[in-house]
Amino acid sequence: MSDRSAARAAVATVSTPDAGAIRHDALRTLEGAASRAELRIAVTAVLGKRSPLALAHRQLGSLDADARKEAGRVLAEVRAELEEVAERRGSELAAAERAAELEADRLDLTEVIPASVADRPVRGHHHPVSATRRSLEDVFVGMGFTVAEGPEIETDWYNFGALNMPPAHPARGMWDTFYLELGEPESTVLRTHTSPVQIHLLEEALASGGLPIHAVMPGRCYRRDTPDARHLATFHQIEGLVVDRAVTFADLAGTIETFTTAYFGSDIHARLRPAYFPFTEPSAEFEITCTLCRGAGCRTCSQTGWIELGGCGMVDPAVFDAVGIDNEEWQGFAFGFGIDRCVQMRHQIADMRLLTENDIRFARQF
Amino acid sequence: MRVPLSWLCDFAPFAGDPADLARTLDELGLVVEAIEVVGQGLDDVVVARVESIAPIDGADRIRRVVVDRGSDAVDVVCGAGNFEVGDLVPLAPVGTVLPGGFEIGRRKMRGVWSEGMLCSGAELGLSEDAAGLLVVSGVEGAVPGAPLAEVLGIERDVVFDIAVEANRPDAWCVAGVARDLAARLGLPFAIPDPAPKVTEGPPAASEVRVSVESPELCPRFTARLLTGVQVAPSGQLVARRLTLAGMRPINNVVDASNYVMLELGQPTHPYDRAKVAGSGFVVRQAVPGETVTTLDGVVRELGRTGPALGDTGIDCLVCDRDGSPLGIGGIMGGASSEIDETTTEILFEAAYFDPMTVARTSKRLNLRTEASARFERGCDPAGIDRAALRFVEVLAETAGPALVAAAGSVDAVGPVPSPVRLRVRPDRVNGLLGTALAPGEITELLGPLGIEARPAPGSDGGVLDVVVPTFRPDIRPSPWGEADIAEEVGRTFGYGRLPRTQPAWSAPGRLSDRQRERRLVAEVMVGLGATEAWTPSIVDGDGHTLAGFGPEAITVANPLAADERFLRRSMLPGLLRAVARNADRRQGEVRLFEIGTVFPVPVSGPDAVDERELLAAVFALRGDDARMATVAWHLLAAALRIDGVVLRAPAPGSTGAAGLHPTRVASLVTTGVGDDRGSGQPGAGAVVGVVGEVDPVVAERFGLPVEQDGASDRRRFGWLEVDLGTVLDPAVVRRRSDEVAPVSRFPSSDIDLAFVTDEMIPADVVGSVLADAAGDVAESVDLFDVYRGPGLPPGTRSLAFRLRLCALDRTLTDAETGEVRSSCIAAVRERLGATLR
């Protein structure tokens with residue numbers, strides 16, 4: 001018998017019953033793989049070129065046609081099944097391994113130690129005064145105002161003279177002024193209010209044909225007041241100026257109301273009462289609904305439901321004359337109030353001096 | 001100003017809830033800061049007679065007092081000692097609630113039960129005397145059991161504490177407040193004409209001489225003569241009202257003068273005639289250097305111009321007929337002619353002093369009195385006679401039966417203000433207020449204030465002729481007075497009733513570029529972990545000195561604290577102190593920044609003041625140093641699209657920037673605003689900031705936390721300072737164009753080149769030369785290594801750059817890359833003399 005016929009005879013004798021055994025052994029091998037690495041070896045062992053299955057397949061040639069066909073079908077079925085099992089087993093092992101890895105990787109995010117994070121980003125904090133200044137500016141910009149600024153050192157003319165307070169005018173006593181040792185005595189000051197910016201704006205407008213004006217003027221001011229819980233010698237104001245044809249006190253009242261509801265909230269309103277400022281006539285102080293009790297009455301507002309915010313009025317004709325603007329053609333209104341005061345109200349800061357201490361524990365709350 | 005309601009009612013029939021009256025006063029601009037109810041809590045307090053006083057065992061401060069309170073006798077424990085058996089004293093029985101809200105209970109002290117309390121004037125809210133009991137022995141009607149309030153004639157009253165605006169001298173008195181309030185409430189108002197019950201003597205002019213030598217300083221001076229005066233305590237009503245108004249009763253003469261001032265707003269001055277040489281007055285300007293001793297005992301030098309702006313050195317003196325000063329006109333009388341208990345004859349001054357003169361003198365002398373405050377705001381020259389007669393009327397009540405008032409007064413009248421007459425256009429008033437009031441309505445609103453308005457003849461109602469009484473100096477003549485009248489109309493109409501409209505205009509609201517970019521700067525700094533600080537602008541000299549700035553600075557002439565008088569030249573001292581303060585609170589790990597103004601020393605006069613707005617930042621997190629500050633600058637520059645600024649170290653040996661580490665610092669220098677990167681551009685070479693590290697010596701001086709736990713090296717503090725005025729100015733600093741650079745879709749290749757370069761050549765210059773040489777294909781040029789040490793000649797270091805090359809339209813070939821490499825090496829060698837390492 002040639003080798004070939006001998007092989008055929010062998011297959012004929014072993015192949016059919018062997019398919020069951022091959023399958024059984026192979027399944028056991030596949031199921032026994034405990035990892036994907038083991039599975040890869042197992043797959044090679046049961047489905048590879050040297051696997052019993054491959055061997056059995058190669059022996060099919062020795063069978064007669066019918067037997068070969070039958071045995072081939074059986075072997076193909078076994079192969080298909082094994083492949084399926086291998087794949088399923090692969091997925092199972094992959095899932096198990098991923099689960100194990102994830103478990104090993106578990107991180108409780110409540111236990112993060114910031115200092116241990118490499119190159120951790122830190123965010124700083126805006127000062128509440130500048131943050132408030134920005135929000136105020138934004139409200140006014142939304143209302144159609146531009147934002148103007150001016151110097152902190154002013155001459156007597158800008159701080160007082162042009163604002164209808166000639167030298168020695170008693171109304172100057174309303175502002176405790178820091179005078180500078182610059183030039184003639186008392187001729188230069190640290191501005192006591194932002195109103196000098198009005199004069200700069202009016203002068204520029206006159207020089208450049210820039211009327212009308214609709215501007216707010218935020219900035220740092222200085223008054224010679226001993227600091228206490230409610231006052232600082234250095235403080236911030238925001239001032240508004242509208243110069244246009246035929247603007248009225250009613251427009252002023254409406255503008256202040258619009259601002260008040262826009263900035264403080266729709267349930268906070270404004271009211272005006274007569275007051276005196278040398279640079280406005282008629283003049284008013286404006287109060288707003290107490291932001292603490294929302295008007296119900298509390299200690300902060302002395303049970304009135306109202307708190308004083310700032311001053312306002314129609315630009316005094318003497319101011320326009322000082323600058324050279326025609327009172328018959330133009331009318332204007334102005335208003336001003338403390339930015340720091342808004343900060344104090346909004347954040348309920350008991351002592352204003354906290355604003356200048358730069359304590360990081362205070363600052364990081366903003 | 002404290003105004004009792006009962007006093008207001010002398011002028012108009014006010015009624016109703018005082019809280020409502022206070023609200024109305026508020027609406028008039030006469031803001032009520034406090035309402036005080038007085039005479040309350042006295043209902044149960046009775047007069048009691050002291051029957052016996054006995055010591056208490058073991059107590060030396062309190063005694064057992066038995067008092068008869070009419071109905072019965074009670075035991076009271078009392079700590080006061082100013083009374084004897086038989087004295088009449090106030091008793092607050094158990095259950096009384098005293099004016100302060102204190103309720104009297106039955107108490108046991110040292111084993112003795114006290115059935116009430118014997119009270120002091122302070123405890124009853126009647127005086128400030130808290131030292132002893134308010135002994136009422138000898139007071140008419142004081143008998144045991146009598147209600148104390150009845151015996152003392154105490155009435156319940158309400159006192160309004162009113163803040164009167166500086167332009168309303170007319171409202172700075174009871175009658176003035178009543179006038180405004182009555183006008184608003186539509187009540188009849190009248191100031192009764194004084195009718196002194198007094199014997200009239202011969203004409204004052206026959207006894208008293210007055211010469212006003214400076215009528216411009218004292219436009220009106222009147223003098224009256226009173227003889228047979230008995231100086232005595234004031235009557236109950238006057239004393240009580242003065243007390244309620246916050247003034248201490250002194251004697252009937254002084255009190256009457258004060259009473260008239262509070263009631264009518266006219267300050268007056270009584271002189272003891274016996275102490276006034278020549279029985280009359282000379283009113284004149286002070287001679288330079290002249291002195292007068294004022295009532296407060298201070299010797300005042302007059303007649304010399306002070307440093308205050310607008311001071312003239314002109315002072316007004318009231319003198320006797322010999323010309324010796326008696327007092328400073330309108331401000332304070334002199335000690336020499338003061339009324340005392342021996343005074344029997346009075347020369348009485350009621351005058352109108354020039355407001356500006358009083359204001360200047362009072363400011364220079366730093367002497368502000370009730371009188372000066374009123375005169376400088378403007379009293380009513382037409383109200384003088386009424387005030388003087390009212391003084392006589394009030395005084396006559398207590399000055400004794402012998403009082404004789406010389407007939408009339410001596411009146412020196414000069415250029416007094418006359419009633420302002422002005423033309424007011426109702427259209428203008430409505431145009432200012434936004435109202436539509438008819439001329440008649442305006443007239444009606446003004447009338448009750450004493451302001452007459454009539455249609456101008458022939459104007460058809462388009463113009464009102466308005467006459468303003470002299471007690472309203474705040475209302476100006478035409479043309480400005482129209483606005484003043486508009487305020488009066490609005491005030492009596494009610495600000496709350498005026499319409500509200502929302503003005504509209506076409507110009508859009510916006511921030512300027514500078515303002516937007518300033519916000520961006522702050523955002524970048526916050527993003528870098530820096531917290532915004534607010535450090536003082538007015539600083540002490542130490543900060544500047546410690547930081548290495550010289551002593552020069554703009555100084556405040558009148559600082560709050562003597563040492564805090566310098567305007568900051570830098571934010572370095574302030575920010576370092578802020579770090580140190582946080583470190584003291586165990587919070588030294590911070591980055592702080594500030595955007596604010598600094599004040600360089602002007603090179604010449606005040607016109608040369610050049611405030612600068614700076615960003616300053618200190619980087620004080622662990623590990624921060626000059627490098628962190630440099631990175632911060634680069635990020636900031638990138639955010640602002642700045643590409644026209646380079647870092648330049650100071651020349652060796654130069655002192656560098658004050659307070660900064662001399663060898664770890666660089667200036668931020670502009671390269672010019674042109675397109676070309678070469679030097680010699682317009683605007684090139686301007687210094688717009690500095691970046692570096694705080695000098696370790698300075699850090700130590702400011703108490704920064706320089707030591708670090710477990711490390712031998714000291715902590716460093718990065719510093720960045722940028723002049724926003726120049727950095728944000730596109731005319732000074734070039735910005736990257738808005739146009740984007742296209743991004744290549746082809747692969748890039750890198751070449752690394754290290755050059756041995758002279759230490760004097762900044763690394764960024766080498767980078768620029770490389771970028772230029774590589775041309776369009778240079779996608780980036782980054783310094784990635786610096787080496788100093790063995791193998792390099794002294795004075796040189798090796799700078800390694802990585803060039804990433806990439807073309808927009810193709811993949812670069814090796815040959816092309818090689819060419820770029822060669823030209824880069826050549827360019828650096830030729831232009832900078834550096835060799836490839």
Side-chain angles (χ1 to χ4, degrees), chain A residues 122-127 129-130 141-147 151-153 156 167-168 170-171 174 178-183 185-188 214 224 226 233-234 244 246-251 253-255 257-258 271-276 281-282 284 314 316-318 355-356 358 360-361 363, chain B residues 26-29 165-167 307-310 356 359-360 376-377 431-434 479-480 483-484 486-487 490-491 495-496 498-503 505 507-511 515 522 525-527 529-534 537 554-558 560 578 582 587 590-591 597 605-606 609 611:
Chain A
V122 282
R123 186 173 165 77
H125 307 271
H126 290 286
H127 195 281
V129 169
S130 52
V141 164
M143 290 168 67
F145 287 82
T146 55
V147 180
E152 294 173 23
I153 294 179
D156 177 80
M174 293 163 74
F178 281 120
Y179 296 100
L180 297 177
E181 292 179 316
L182 271 180
E186 299 193 5
S187 64
T188 46
H214 318 94
R224 199 177 176 281
T226 306
T234 304
D244 211 329
V247 291
T248 67
F249 195 82
D251 291 332
T255 300
E257 173 71 13
T258 303
R271 70 176 187 186
L272 306 185
R273 69 177 183 211
Y276 167 62
E281 190 78 21
M314 302 301 291
D316 194 289
L355 293 173
T356 58
N358 301 312
I360 199 78
R361 293 167 297 179
Chain B
D26 279 351
E27 288 166 15
L28 285 161
E165 297 284 8
N167 68 331
L309 190 71
M356 288 305 283
R360 290 188 198 104
E376 73 176 22
R377 282 163 173 79
L432 279 170
L433 295 176
W480 297 346
D484 301 329
E487 176 169 276
R491 223 164 49 82
Y495 275 17
L498 291 172
R500 286 181 175 191
T501 46
Q502 179 59 49
W505 52 81
R510 60 183 169 73
L511 296 176
Q515 289 156 352
M525 296 315 294
V526 166
T531 291
E532 191 177 8
W534 168 10
S537 308
I554 298 176
T555 48
V556 175
N558 56 337
L560 270 173
N582 275 297
Q587 301 280 344
V590 290
R591 289 175 182 154
T597 308
V609 169
E611 295 176 20

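Side chains are part of it too, since the values below use all heavy atoms of this structure and drop only hydrogens, waters and symmetry mates. Sequence lines set the chain letters: A, B, ... in the order given, protein chains first and strands last, and positions in each chain run from 1.
- Between the CD atom in B:Q587 and the CD1 atom in A:I360 there is a gap of 7.5 Å [rounded to 0.5 Å].
- For chain A, the nearby parts of B:A522 are the backbone and the side chain; heavy atoms of each come within less than 4.5 Å.
- Distance check: A:F249 CZ to B:E487 CD gives 8.0 Å after rounding to the nearest 0.5 Å.
- Most heavy-atom pairs under 4.5 Å with chain B, from the set A:G254, A:A253, A:G144, A:A363: that is A:G144.
- The contact between B:W505 and chain A is made entirely by side chain atoms (from C-beta outward), counting heavy-atom distances below 4.5 Å.
- Across B:Q515, B:R377, B:M525, B:R491, the residue that shares the most heavy-atom pairs under 4.5 angstrom with chain A is B:Q515.
- Your options are B:T555, B:L28, B:N558, and the one with the most heavy-atom pairs under 4.5 Å with chain A is B:N558.
- B:R500 and A:R271 make their closest contact through NH2-CA, 3.6 Å (heavy atoms, listed as atom of the first residue, atom of the second, distance).
- At least one donor-acceptor pair under 3.5 Å links the side chain of B:N582 to the backbone N or O of A:N358.
- The shortest heavy-atom contact between A:P274 and B:E27 is CD-O, 2.8 Å.
- Contact of B:P499 with chain A is made through backbone and side chain together, with heavy-atom distances under 4.5 Å.
- Scanning all heavy atoms of the two residues, the minimum distance from B:M356 to A:P167 falls at CE-O, 3.5 Å.
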Let me see the working for A:T188 and B:V609 under side-chain contact (heavy atoms from CB on, under 4.5 Å), right down to the final yes or no.
CA-CA 10 Å; A:T188 46; B:V609 169; 5.9 Å; no

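- Looking at B:V556, both its backbone and its side chain come within 4.5 Å of chain A, counting heavy atoms on both sides.
- For B:E376, the parts lying under 4.5 angstrom from a heavy atom of chain A are both the backbone and the side chain.
- Both the backbone and the side chain of B:L432 come within less than 4.5 Å of a heavy atom of chain A.
- Looking at every heavy atom in both residues, A:P317 comes nearest to B:W480 through CB-CD1, 3.4 Å.
- Here B:G431 is the residue among B:G431, B:P508, B:A359 with the most heavy-atom pairs under 4.5 Å with chain A.
- The shortest distance between side-chain heavy atoms of A:Y179 and B:L309 does not fall below 4.5 Å.
- Ring geometry, B:W534 versus A:H127: the interplanar angle exceeds 60°, so the pair is classed perpendicular (tilted spans 30 to 60°).
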Could you go through B:S537 and A:E152, starting from their C-alpha distance and side-chain angles, then the distance that decides it, and tell me whether this counts as side-chain hydrogen bond (donor to acceptor under 3.5 Å, both in side chains)?
CA-CA 10 Å; B:S537 308; A:E152 294 173 23; 4.6 Å; no

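- Heavy atoms only, all atoms of each residue included: B:L433 and A:P282 are closest at CD2-CG, 4.0 Å.
- Heavy atoms from other residues, nucleotides or ligands lying under 6.0 Å from CZ of B:R510 number 12 at most.
- Of the two parts of B:I554, only the side chain, counted from C-beta on, holds a non-hydrogen atom closer than 4.5 Å to a non-hydrogen atom of chain A.
- The most heavy-atom pairs under 4.5 Å with chain B, out of A:R224, A:M143, A:M314, come from A:R224.
- Ranked by heavy-atom pairs shorter than 4.5 Å toward chain A, the options B:P503, B:G310, B:G434 are led by B:P503.
- When all heavy atoms are compared, the tightest approach of B:P307 to A:P185 is O-CB, 3.2 Å.
- For A:A233, the part lying under 4.5 angstrom from a heavy atom of chain B is the side chain only.
- Heavy-atom distances place the side chain of B:R591, and not its backbone, under 4.5 Å from chain A.
- A donor-acceptor pair is defined here as one N or O able to donate and one able to accept, closer than 3.5 Å; such a pair exists between the side chain of B:T501 and the backbone of A:D251.
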